[in-house]
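Source: prediction; values computed, not measured. Chain letters run A, B, ... following the sequence lines, proteins first and then strands; every chain starts at 1.
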Amino acid sequence: MNTRIEIANLQKRYGRKVVIQDMDLILESGKVYGLLGPNGQGKTTLIKCIAGLLTPEKGQILINGEMRETRHKGMISMLADKDLFYKWMTVQDTINFYDTFFEDFDRADSEELIRFMELVPQEKVEKLSKGMKARLKLVLVLSRKAKIYLLDEPLSGIDPVSREKIVETILDRIREDAIMVISSHMVHAIESLLDEVILLSNGKIIAKEEAEVIRSEKGISIDDFYLEVFRHA
Amino acid sequence: MLNLMNFEWKKSWKVFMLGITSILLVYTYLALQGTDNLYRGELGAGIAMALLVMLITVGSVALLFHSISFLSVDVKEKGYLLFSTPNSAWKMLGAKLTVVFLRFFIWGVMVAAIFFHMMSWLKVVELQGILLHNVPQIVFLILISALASLFFTMTIYFLISITATFLASWRNPVLFVILAYFGLTYVVDWVAVKLGELATWPVTFQWNMPIINQMNGFSVSGNMNAITFTAQGLSFNIVPALFYLVIGVGYFMAAGYLLDRKLNI
Amino acid sequence: MKFDNNRPIYLQIISEIHKDLASGRLVTGQKLPSVRQLAIDYKVNPNTIQRTFRELEGMGMTFTKRGMGTFITEDAEMIEEIKISVVEGYVNAYIESMKALNLSNEEIVEIVQKRLGGVA
């Protein structure tokens with residue numbers, strides 16, 4: 001029942017530029033990982049590799065011991081920075097899409113979340129503000145009872161009220177048999193969510209530590225830890 | 001699979017229906033104008049005729065290029081949506097192609113029906129007679145042109161899938177697709193013609209005509225180098241056609257494999 | 001509630017529980033809310049609550065009844081000790097801060113008595 005992701009010797013290039021170099025990483029069930037680092041350091045790339053939207057040049061990604069393939073997508077729920085919707089879709093259309101194509105989608109849960117996030121089902125997606133779009137994306141991603149949640153910058157550019165609702169919703173859905181990976185700049189906003197933090201710099205993991213250990217051994221917040229690491233990186 | 005097809009259909013069905021409706025409306029206006037106005041060169045009739053021809057031509061080209069967007073948009077912008085579902089790439093491509101084929105076919109039937117109907121009120125009796133007696137042949141021709149359009153689409157899909165996988169870091173995927181299309185088609189057509197010369201396995205549809213007209217024999221060239229029109233009938237060489245079928249299936253399998261295993265979007 | 005992110009959160013939650021014991025909001029033998037509920041209440045990762053529970057159990061402050069939940073210990077003496085340590089903690093902190101302002105013992109007592117409405 002528990003989920004496990006094993007990444008070994010991962011390398012990902014864009015043309016000549018190597019974005020992820022020789023990365024080894026193990027992600028364990030029931031944990032919330034914070035993937036932190038400045039822009040362009042490989043956070044999104046790593047997430048997309050796990051999700052199967054990118055194919056690495058070298059290395060492998062194992063999900064529960066199996067080579068990553070198409071059917072694993074049914075276990076992975078990803079929130080991307082890019083907008084996911086077609087112009088003609090309403091909020092309801094997006095829900096129907098997820099309901100149709102993902103077996104683990106919980107329709108009742110989504111309806112409750114839609115209400116909580118104050119979204120209107122008939123509203124056209126393109127008319128939503130940035131904050132409302134972010135809320136919708138989160139509703140869709142978290143209404144799935146997936147085994148792996150990949151949230152790429154779920155709070156980026158979001159107003160404080162939306163942020164709070166989003167954090168609360170994420171918190172409520174942390175499960176023992178699932179893995180959550182959240183990449184964010186807004187370290188402060190997600191501090192209380194994180195079990196472990198992984199700091200990426202130039203496609204390499206320069207730090208991987210339990211949040212509470214950082215706090216007890218260094219007496220600083222994850223936010224400050226981030227600053228400390230990247231000031232010298 | 002049905003879900004995917006439904007999803008693909010919903011993508012631009014309104015524009016599609018708009019195209020069909022507007023053409024039918026223009027044609028109705030033209031038909032109401034009557035043959036007298038048409039033969040007398042009345043402006044209204046003339047404009048309607050021109051508009052009809054333009055709409056059909058532009059519509060056909062638009063339909064062809066729109067079928068491409070079914071995949072290109074997903075690969076370029078909306079990939080996160082479709083490609084994050086646990087559907088195999090073959091299923092997704094299959095759904096797109098089915099919808100594309102359906103639309104081509106409907107369009108073809110509409111154009112043929114308009115032509116058909118026009119011949120009747122234009123009182124071109126002989127041609128009308130010919131058409132009425134050759135419905136299976138006409139349906140066959142519609143089918144062939146729909147399949148030809150499908151083959152075109154599939155070729156482009158194959159090339160698009162290359163740009164979404166191996167050549168994902170190339171900055172000008174459109175240029176690649178255009179150039180590669182002409183190169184690839186040239187080679188494939190050449191092989192098809194050669195095969196057609198080497199082996200013939202003709203299926204002939206005889207024209208069902210009361211009078212044998214002085215119809216000049218002409219052959220259809222292009223994607224389907226397999227059809228020859230003669231005064232006696234329609235000769236269809238299956239050998240090159242089979243070759244195109246194999247190539248088409250090959251494109252499909254390859255595109256599916258690439259999008260499933262080597263995706264880079 | 002807002003936690004200080006510079007210190008381990010689970011320790012701060014244990015502090016909160018100590019305070020609740022001192023104030024009587026939590027009593028001996030009382031059942032603690034579930035991990036999930038506490039996570040929602042405190043707005044923290046459930047794993048942090050798990051860690052808290054483990055610590056509490058390790059310290060002997062709580063015990064788990066299989067299938068029924070986690071309960072505050074029945075050991076009244078331990079609870080008393082906790083109450084005392086919570087109070088002492090505050091008192092010591094106060095005295096230290098007063099000393100840092102260079103007040104003498106007499107001055108400190110005077111101020112406190114005044115504050116409590118007594119006679120200097």
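Dense packing is recorded around NZ of C:K31, with more than 12 heavy atoms of other residues, nucleotides or ligands lying under 6.0 Å away.
Although no hydrogens or angles enter the test, the distance criterion places a donor-acceptor pair under 3.5 Å between the side chain of A:S77 and the main chain of A:V141. A donor-acceptor pair under 3.5 Å is absent between the side-chain atoms of A:N202 and the main chain of A:K204, judged by distance alone. In this structure, the side chain of A:E111 does not engage the main chain of A:A108 through any donor-acceptor pair within 3.5 Å. Side-chain atoms of C:Q12 come within 3.5 Å of backbone N or O of C:R7 as a donor-acceptor pair. Between the A:K137 side chain and the A:M78 main chain, no donor and acceptor come within less than 3.5 Å of each other. Looking at A:R215, its side chain never comes within 3.5 Å of a backbone N or O of C:N6 through a donor-acceptor pair.
Of all residues in residues 143-156 of chain A, none places a non-hydrogen atom less than 4.5 angstrom from a non-hydrogen atom of chain C. Using a 4.5 Å heavy-atom cut-off against chain C, the contacting residues of residues 28-40 of chain A are A:G30, A:K31, A:V32.
Side-chain N/O atoms of A:D172 and A:T169 include no donor and acceptor closer than 3.5 Å. Side-chain contact, C:N45 with C:T48: no donor N or O sits under 3.5 Å from an acceptor N or O.
Of the atoms belonging to A:E176, it is side-chain heavy atoms, and not backbone ones, that fall under 4.5 Å from chain C. For A:E210, the part lying under 4.5 angstrom from a heavy atom of chain C is the side chain only. Only the backbone of A:L194 comes within less than 4.5 Å of a heavy atom of chain C; no side-chain atom from C-beta onward does. Both the backbone and the side chain of A:E212 have a heavy atom closer than 4.5 Å to some heavy atom of chain C. Using a 4.5 Å cut-off between heavy atoms, C:Y10 contacts chain A through both its backbone and its side chain.
Seen from the ring of A:F116, A:K165 counts as a face-on cation partner, given the 6.0 Å and 45° thresholds.
In this structure, C:F3 and C:Y42 have tilted ring planes: the angle between them lies in the 30° to 60° band.
Among A:V167, A:D195, A:L193, the residue making the largest number of heavy-atom pairs under 4.5 Å with chain C is A:D195. With chain A as the partner, the residue from C:I9, C:D4, C:N5 showing the most heavy-atom pairs under 4.5 Å is C:N5.
If you look at C:Y90 and C:Y94, their ring centroids are not closer than 6.0 Å.
The shortest side-chain heavy-atom distance between A:L10 and A:L46 falls under the 4.5 Å cut-off.
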